[in-house]
Amino acid sequence: LNAAARRGRITRSVIDRYCIVVMDGIAAEAVSYGSAEGGKDDETALISFLQDTVGFTGDVLVQARMSALNGVILLRRYRAEFERLVKVLERDRATSIGAAVLS
């Protein structure tokens, strides 16, 4: 997203990927615990970002919720990998998601 913003060209594909990443926290909570307690704040921040920063003209609420749904689908498909990532984060108290993913 930052690279696209520097180029002055934020495409729909970049927005879609960014939304999925942001909403994956909600998706992870929903898949793991059956609900997402902090999800409303994340959704509100994403909607604000899309409207105010990117000037997204589509239906931002639909975009945010579809992104969360895509996150749920990905987490279900890659559940074992997700659980391994969570264990690494818990075990190592990783300060970097990137370092945990590479573990």
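Linking ILVMFWY side-chain heavy atoms closer than 4.5 Å, directly or via other members, places V62 and Y18 in two distinct hydrophobic clusters.
For the salt bridge (Lys or Arg N to Asp or Glu O under 4.0 Å) condition, no pair includes a residue of residues 67-78, sequence neighbours left out. Residue pairs meeting the ring-ring contact (aromatic ring centres under 6.0 Å, His included) criterion with at least one partner in residues 72-92, sequence neighbours excluded, are absent.
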List the atom pairs, with distances to 0.1 Å, where a side-chain N or O of residues 63-72 and a protein N or O form a donor-acceptor pair under 3.5 Å, not counting sequence neighbours.
from, atom 1, to, atom 2, distance (Å)
Q63, OE1, R12, NH2, 2.6
Q63, NE2, D16, OD1, 2.9
R65, NE, E43, OE2, 3.2
S67, OG, Q63, O, 2.8
N70, ND2, M66, O, 3.3

In a table with atom names and distances, give each donor-acceptor pair under 3.5 Å that connects a side chain of residues 19-26 to protein atoms at least two apart or in another chain.
none

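Applying the side-chain hydrogen bond (donor to acceptor under 3.5 Å, both in side chains) rule to R84 yields no partners; only residues at least two apart in sequence or on another chain are considered. Every residue two or more places apart in sequence or in another chain that forms a salt bridge (charged side-chain N to carboxylate O under 4.0 Å, His left out) with E83 is listed here: R79.
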